[in-house]
Amino acid sequence: MAELDTKMTKYDELGRLMKLRKEGEKLTPKVVDKKKKIRSKRKARKVILKKWILNISDD
């Protein structure tokens, strides 16, 4: 029975560490990162469109 108890404490420690890691990840929300990526893609598209329009008008 003592052997079983020592194994369980290892798993408890692992669970505690995983919980701490998840709490740390919650501090930086992923939704904000997604919005930043979307904004940067929109800006890049606008810049490309402006360059493309300028190239067409130059010809």
Side-chain angles (χ1 to χ4, degrees):
M1 192 72 186
E3 215 175 289
L4 182 66
D5 291 337
T6 57
K7 288 181 182 177
M8 291 306 286
T9 55
K10 289 180 185 176
Y11 287 116
D12 289 342
E13 184 69 19
L14 182 64
R16 188 182 66 80
L17 291 173
M18 289 174 66
K19 186 178 176 184
L20 287 173
R21 187 171 134 204
K22 285 182 182 178
E23 287 175 1
E25 289 175 356
K26 285 181 185 176
L27 294 177
T28 56
K30 294 180 182 180
V31 176
V32 174
D33 293 337
K34 285 182 181 178
K35 287 182 180 179
K36 284 183 182 178
K37 286 180 184 178
I38 291 170
R39 283 189 199 123
S40 64
K41 285 182 182 178
R42 284 182 188 155
K43 286 183 182 179
R45 284 188 199 125
K46 285 181 183 178
V47 170
I48 291 171
L49 271 174
K50 285 180 183 177
K51 287 182 180 179
W52 185 69
I53 290 170
L54 287 174
N55 285 339
I56 288 176
S57 62
D58 288 343
D59 294 338

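Side chains included, hydrogens not; waters and symmetry mates left out as well; all remaining heavy atoms used.
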Taking atom CG of L54 and atom CG of L49, what is their separation to the nearest 0.5 Å?
-> 11.0 Å
Going by heavy atoms in the side chains, are V47 and K43 under 4.5 Å from each other?
-> no
Could I get the full list of side chain to side chain donor-acceptor pair (under 3.5 Å) partners for R16, not counting sequence neighbours?
-> E13
With sequence neighbours excluded, what pairs up with R45 under the salt bridge (charged side-chain N to carboxylate O under 4.0 Å, His left out) test?
-> none
